[in-house]
A.B. asks: 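Handing you a structure now.
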Amino acid sequence: MLHPNSGHLMRIRRKIAPVLLGPPILAFLPAVTLATFWLGGEVALLTVALGMPVLFGALGAFGNSKVSYVPRDSVTGMLLREGFEMVLEQVHIETDDTSLRSAVMVLEIDDYKELITRHGQSAGDSVVQRCGERIIETLRDKDTVARIGDSKFAICLTPVQQLDLELTVQLAGRLQTALEEPISLDGASVYQSCSIGFCMRSRAPGHSATDWFTAATAALTEAQHNGPSGIRAYSTDIHRRTKARSDLREDAAAALEGGQIQPWFQPQISTDTGKVSGFEALARWSHPVHGMIPPATFLPALQEAGLMEHLSQVMLYHALTALKAWDAAGVDVPTVGVNFATDELKNPGLVNRVKWEMERFELPPGRLAVEILETVVSDSPDDIITRNISGLGELGCQIDLDDFGTGHASIASVRRFNISRIKIDRSFVMKADRDPEQQKLIGAILTMAERLDLETLAEGVETVGEHALLAQLGCDHVQGFGIGRPMPFDQTLDWITAHQAKLQDAPVIGKQRS
């Protein structure tokens with residue numbers, strides 16, 4: 001027995017319905033009625049009269065009235081997801097077991113949230129509207145476009161005889177080119193890019209239109225993982241990688257909740273005295289089966305799972321616990337640095353929570369170094385981030401500007417956020433003892449810091465030569481594998497003891513201030 005929604009019955013309905021439900025059938029109804037009465041009498045006429053509505057209903061004549069109105073997006077006027085899924089189902093059936101070809105594309109504007117943060121929601125709506133217009137202008141009249149998210153569009157290409165992978169990639173490229181043209185907002189030009197994932201009908205997994213659309217969405221995710229302006233076609237490899245990422249998100253979330261993700265501590269030392277001036281808490285995942293999972297692997301997974309704020313909370317708790325333990329052991333560790341994620345900095349209650357934690361551990365705020373990425377400061381942060389950074393500084397916490405030199409923070413923003421110390425990115429430190437150009441860059445940064453009365457710390461110090469040069473140029477603190485690798489807390493006390501023993505025989509390295 002055929003299910004009412006089976007593909008075979010749908011194809012029968014599509015072929016017969018236009019004939020029986022179209023205007024021509026009206027001309028034959030009187031003849032059918034008369035013939036029925038002539039041949040079968042009143043009983044036959046009654047049977048036909050009752051049967052015709054049933055036949056029309058089976059062919060969808062009455063159902064059409066229910067779907068005659070399809071909701072559309074108020075900003076772009078495009079179909080919404082529901083309407084797109086209806087079209088997709090029709091195209092999926094039309095291209096099933098035929099020579100017709102089609103493809104589904106899913107397109108998303110890159111960095112749309114940042115656009116909203118900088119220019120506001122009305123500007124975001126204007127960009128989406130203009131992008132929608134450009135998409136329609138690039139496609140053919142019969143192709144279907146829908147807005148399925150704040151910055152996401154879905155495209156279903158009308159079935160044709162000739163459509164292959166190369167032609168689809170070319171179309172995706174034309175769409176990207178169209179969307180990358182500047183958009184004028186209040187007299188200023190705004191540039192945006194987009195990522196596109198698509199799935200050819202011939203390569204779609206599963207047997208439903210939903211599977212086809214899911215495959216295109218997976219291809220978009222793959223494109224976005226490879227940076228902005230990506231284009232990816234669906235393949236079985238993408239399916240495997242998508243599942244692996246999904247599994248990793250679940251595993252990382254469980255690891256964070258179960259205590260497998262813990263801070264490891266990397267020492268920082270003073271170039272004046274050689275003594276430990278602090279530790280930075282760095283997230284490390286020790287998996288019971290796979291061993292150490294690199295941060296570059298699990299941090300994006302936690303980001304996708306929306307758990308970066310929770311990670312910051314876990315790191316802060318363990319960092320303060322470590323400070324209390326070092327104090328109890330009688331070793332001098334002035335500060336501990338904790339990286340605060342952007343999600344954490346957007347929490348309106350952050351300053352009060354940090355204050356409460358410091359009071360709970362009976363520690364002065366000055367012993368906590370809040371590490372803020374330079375890109376957070378340079379990317380015109382919103383009011384909440386600005387208030388939180390300023391509030392933490394007013395509380396007494398040390399504010400470290402991390403990865404300095406990579407985010408183009410202005411001097412004004414450095415002063416605005418009451419930065420205590422800048423951390424010179426390792427890209428400037430690498431081979432500085434052998435590269436005069438690197439030395440000039442470091443010297444310029446140190447001169448600026450001295451004029452602004454800021455402390456400095458160089459990251460990524462790996463050799464004795466780099467350490468000696470930085471000390472001579474006037475950098476206050478150093479950190480890196482050449483000083484000490486990140487280690488679990490229970491190894492820090494032994495490292496501190498060994499380091500203090502080495503200080504007795506260490507030569508004094510004089511500084512030269514410019």
Side-chain angles (χ1 to χ4, degrees), residues 75-76 78 103-119 123-140 143-157 163-185 188-200 203 213-235 237-239 241-242 244-245 296-297 299-301 303-304 342 373-376 378-380 403 406-408 427:
V75 175
T76 63
M78 292 180 173
V104 170
M105 293 183 169
V106 184
L107 179 155
E108 185 161 19
I109 301 170
D110 297 322
D111 301 324
Y112 182 70
K113 289 183 179 179
E114 286 74 9
L115 174 71
I116 298 296
T117 299
R118 293 177 185 174
H119 301 284
D125 289 344
S126 296
V127 168
V128 167
Q129 184 179 27
R130 189 70 189 99
C131 287
E133 292 170 355
R134 292 178 180 181
I135 291 171
I136 293 172
E137 291 167 359
T138 305
L139 299 173
R140 297 163 298 184
D143 295 329
T144 301
V145 188
R147 186 185 183 191
I148 60 172
D150 287 345
S151 58
K152 190 179 292 186
F153 300 88
I155 301 166
C156 182
L157 302 182
L163 183 68
D164 57 18
L165 182 62
E166 182 179 355
L167 289 173
T168 310
V169 170
Q170 290 175 359
L171 176 58
R174 290 199 299 273
L175 286 166
Q176 281 189 335
T177 300
L179 265 63
E180 287 172 1
E181 289 293 320
I183 293 176
S184 179
L185 289 178
S189 294
V190 174
Y191 293 85
Q192 68 288 312
S193 60
C194 69
S195 299
I196 301 176
F198 68 88
C199 180
M200 307 295 297
R203 300 190 180 188
F213 179 73
T214 301
T217 303
L220 171 65
T221 302
E222 183 73 11
Q224 292 171 325
H225 269 85
N226 288 274
S229 297
I231 297 175
R232 288 294 183 275
Y234 176 80
S235 67
D237 288 341
I238 284 180
H239 175 73
R241 286 194 292 271
T242 301
R245 279 196 294 268
T297 299
L299 288 180
Q303 177 75 46
E304 291 178 8
T342 303
L373 287 173
E374 189 190 10
T375 50
V376 172
S378 62
D379 285 350
S380 302
D403 293 344
T406 62
H408 311 296
S427 62

A.B. asks: To the nearest 0.5 angstrom, please state how far the CZ atom of F153 sits from the OG1 atom of T76.
C.D. replies: 6.0 Å
A.B. asks: Assess whether side chain to side chain contact (heavy atoms under 4.5 Å, CB included) is satisfied between L171 and L157, documenting all intermediate values.
C.D. replies: CA-CA 11 Å; L171 176 58; L157 302 182; 3.7 Å; yes
A.B. asks: Checking D143 now: which residues fulfil side chain to side chain donor-acceptor pair (under 3.5 Å) with it, not counting sequence neighbours?
C.D. replies: R140
A.B. asks: Taking side chain to side chain contact (heavy atoms under 4.5 Å, CB included) as the test, write out the residues that go with T342, two or more places apart.
C.D. replies: K346, V376, I385
A.B. asks: Does a donor on one side chain sit under 3.5 Å from an acceptor on the other, for E180 and S193?
C.D. replies: no
A.B. asks: Is F198 close to L165 at the side-chain level, that is, under 4.5 Å between some pair of heavy atoms?
C.D. replies: yes
A.B. asks: Which value, rounded to the nearest 0.5 Å, describes the distance between I136 atom CD1 and T144 atom OG1?
C.D. replies: 10.5 Å
A.B. asks: Backbone N or O of S229 within a donor-acceptor pair of the D110 side chain at under 3.5 Å?
C.D. replies: yes
A.B. asks: Of all the heavy-atom pairs spanning V128 and D150, show the shortest one and how long it is.
C.D. replies: CG2-O, 3.5 Å
A.B. asks: Hey, is the main chain of C194 close enough, under 3.5 Å, to the side chain of Q176 for a donor-acceptor pair?
C.D. replies: yes
A.B. asks: Just checking R203: does its CZ atom have more than 12 heavy atoms from other residues, nucleotides or ligands closer to it than 6.0 angstrom?
C.D. replies: no
A.B. asks: I'd like to know if R134 pairs up with E137 as an ion pair, taking the criterion as any Lys NZ or Arg NE/NH1/NH2 lying under 4.0 Å from an Asp or Glu carboxylate oxygen.
C.D. replies: no
A.B. asks: Output yes when a side-chain donor or acceptor of Q192 lies under 3.5 Å from a complementary backbone atom of Y112, and no otherwise.
C.D. replies: no
A.B. asks: Might you point out which heavy atoms bring A103 and T168 nearest each other, and give the distance in Å?
C.D. replies: CB-CG2, 4.2 Å
A.B. asks: Within the distance-only criterion (no hydrogens, no angle test), does the side chain of R147 pair as donor or acceptor with the backbone N or O of M78 below 3.5 angstrom?
C.D. replies: no
A.B. asks: Within the 4.5 Å heavy-atom criterion, are F213 and I148 side-chain neighbours or not?
C.D. replies: yes
A.B. asks: With rounding to the nearest 0.5 angstrom, report the CD1 to CG distance, I231 to L220.
C.D. replies: 11.5 Å
A.B. asks: Can you find a pair of side-chain heavy atoms, one from I183 and one from C131, that are under 4.5 Å apart?
C.D. replies: yes
A.B. asks: What pair of heavy atoms forms the shortest contact from A216 to V104, and how long is it?
C.D. replies: CB-O, 3.6 Å
A.B. asks: Just so I know, are the side chains of I155 and L175 near enough to count as touching, which here means a heavy-atom distance under 4.5 Å?
C.D. replies: yes
A.B. asks: How many angstroms lie between atom CE of M105 and atom SG of C199, to the nearest 0.5 angstrom?
C.D. replies: 11.0 Å
A.B. asks: If you take all heavy atoms of T138 and R174, which pair is closest and at what distance?
C.D. replies: CG2-CB, 4.1 Å
A.B. asks: More than 12 heavy atoms of other residues, nucleotides or ligands under 6.0 Å from CD of E166: yes or no?
C.D. replies: no
A.B. asks: To the closest 0.5 Å, what do you measure between CE (M200) and OG (S235)?
C.D. replies: 13.5 Å
